[in-house]
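Computed from heavy atoms alone, side chains included, the values below leave out hydrogens, waters and symmetry copies. Keep in mind that what you see is a predicted model, and the values were worked out from it rather than measured.
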Amino acid sequence: MEKSLKPKKNENLSQKYITDAERKQFLSALHCRLFWVGQYIPDYVEFRGKRHPLHNYVWELIQKEKLTEGEKSRINKCIDIISVKEKENEKKLEEKPLTEEEAKSLYHETAGLLRAITDLKEIESGELKESTRRFQEKFNEQRVKDAKLWLEFLRNVSK
């Protein structure tokens, strides 16, 4: 049976809390294969009362050709911090009474944190650089094919 959490007496009655089914949808969406598509890495992550820049940090690491051992160690620490925050958010999404707006916001923040974790792991392993290189090669090959097709089309049209 699906239940909706009722607002307390002093809460705004216009706020509708999410149902158990809606809660399960948010949680299962976080665990699907392509959860990160379209998700934005948060600018900052708050952890233990401190605000840590996240988006710019990930972007700076993506731009580097090689990482030092110190940077790799810092990435691991960052992944640990983000993972703790992500687990806290997921627990809130699972248990806390939330309005639809609060649940959506928490879902997107959590998905952004998961995307940051994924990106940082790929940066550290070098997988991101390799997949980017392969993508650029395929993209350039396709551009050449498209140009050849376009030239062929123009030749046929001008006859």
Side-chain angles (χ1 to χ4, degrees), residues 2-5 15-150:
E2 194 175 288
K3 67 176 180 174
S4 182
L5 298 172
Q15 291 183 333
K16 179 184 168 240
Y17 287 89
I18 60 172
T19 64
D20 286 342
E22 292 168 325
R23 185 180 307 277
K24 286 178 185 175
Q25 283 179 322
F26 281 115
L27 290 167
S28 67
L30 284 175
H31 298 285
C32 75
R33 181 174 270 221
L34 296 175
F35 73 89
W36 51 268
V37 172
Q39 295 301 324
Y40 181 76
I41 295 174
D43 290 330
Y44 294 91
V45 62
E46 285 197 36
F47 181 72
R48 295 185 181 159
K50 290 185 180 177
R51 220 174 148 182
H52 302 274
L54 184 57
H55 184 82
N56 286 340
Y57 176 64
V58 172
W59 180 248
E60 288 170 11
L61 290 172
I62 288 172
Q63 302 305 311
K64 291 188 175 231
E65 279 301 312
K66 280 198 161 196
L67 299 174
T68 65
E69 288 304 313
E71 288 169 329
K72 288 181 180 182
S73 174
R74 188 170 177 216
I75 288 172
N76 285 325
K77 288 178 186 173
C78 187
I79 289 171
D80 292 342
I81 289 170
I82 298 169
S83 294
V84 168
K85 178 67 174 171
E86 182 276 325
K87 294 283 184 235
E88 289 173 359
N89 282 3
E90 198 168 332
K91 189 166 182 73
K92 285 179 191 174
L93 193 55
E94 190 174 341
E95 299 173 354
K96 188 178 175 189
L98 299 167
T99 64
E100 186 175 349
E101 189 66 33
E102 291 168 333
K104 282 181 182 178
S105 176
L106 193 56
Y107 165 79
H108 288 297
E109 179 183 328
T110 307
L113 294 174
L114 285 167
R115 177 175 176 192
I117 291 167
T118 302
D119 285 359
L120 288 169
K121 286 179 179 179
E122 289 179 353
I123 290 168
E124 182 189 22
S125 71
E127 189 178 320
L128 185 67
K129 287 283 184 206
E130 182 58 29
S131 63
T132 301
R133 184 191 60 74
R134 283 193 313 268
F135 172 79
Q136 287 173 340
E137 285 176 1
K138 292 285 185 190
F139 181 74
N140 288 335
E141 287 173 13
Q142 188 60 48
R143 286 179 62 194
V144 169
K145 286 179 186 177
D146 290 346
K148 287 179 181 178
L149 287 170
W150 183 247

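Here the CD1-CD distance, from I79 to E86, works out to 12.5 Å after rounding to the nearest 0.5 Å. Here the CG-CD distance, from N76 to E124, works out to 4.0 Å after rounding to the nearest 0.5 Å. Atom CD of E109 and atom CD1 of I41 lie 13.0 Å apart (nearest 0.5 Å). With values rounded to the nearest 0.5 angstrom, E94 atom CD is found 10.5 Å from K87 atom NZ. Rounding to the nearest 0.5 Å places CD of Q63 at 9.5 Å from CD1 of I123. With rounding to the nearest 0.5 angstrom, the OG1 atom of T110 is 12.5 Å from the CD1 atom of I82.
A103 approaches F26 most closely through the heavy-atom pair CB-CE1, 3.6 Å. Across all non-hydrogen atoms, the minimal contact from L113 to K85 is CD1-CG, 3.6 Å. Considering all non-hydrogen atoms of both residues, L93 and L106 come closest at N-CD2, 3.6 Å. In terms of heavy-atom proximity, L54 sits nearest to P42 at CB-O, 3.4 Å. Contact record, S83 with I117: OG-CD1, 3.5 Å, taken as the closest heavy-atom pair.
The environment of CD in E101 is sparse: at most 12 heavy-atom neighbours from other residues, nucleotides or ligands sit within 6.0 Å.
The pair K92-E88 fails the salt-bridge criterion, with no side-chain N (NZ, NE, NH1 or NH2) lying under 4.0 Å from an Asp/Glu carboxylate O. A salt bridge does not link K50 to E46: none of the charged nitrogens lies less than 4.0 Å from a carboxylate oxygen. Of the charged side-chain nitrogens involved, at least one lies within less than 4.0 Å of a carboxylate oxygen, so that R115 and D119 count as a salt-bridged pair.
Contact annotation: the side chain of K91 never approaches that of K96 to less than 4.5 Å [non-hydrogen atoms, C-beta and beyond]. Proximity of N56 to D43: side-chain heavy atoms (C-beta onward) are nowhere separated by under 4.5 Å. Looking at R143 and N140, their side chains come closer than 4.5 Å, going by heavy atoms from C-beta outward. Side-chain contact between C78 and L120: present, with at least one pair of heavy atoms (C-beta onward) separated by less than 4.5 Å. With a 4.5 Å cut-off on side-chain heavy atoms, E22 and Y17 do not count as touching. Side-chain atoms of H31 and E90, non-hydrogen and from C-beta on, do get closer than 4.5 Å to each other. Residues I18 and T99 form no side-chain contact, since every pair of their non-hydrogen atoms from C-beta on lies 4.5 Å or further apart. E69 is listed as a side-chain neighbour of K72, based on a closest heavy-atom distance under 4.5 Å.
Using modelled atom types, one finds a donor on one side chain and an acceptor on the other under 3.5 Å when comparing D146 with Q142.
You'll find the ring centres of Y40 and H55 inside the 6.0 Å limit.
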Exercise for review: Would you check, one step at a time, whether the test ring pair (Phe, Tyr, Trp, His ring centres under 6.0 Å) holds for Y57 with H52?
Suggested key: CA-CA 9 Å; Y57 176 64; H52 302 274; over 10 Å; no

Exercise for review: List the steps, then state whether salt bridge (Lys or Arg N to Asp or Glu O under 4.0 Å) holds for K64 with E71.
Suggested key: CA-CA 11 Å; K64 291 188 175 231; E71 288 169 329; 2.3 Å; yes

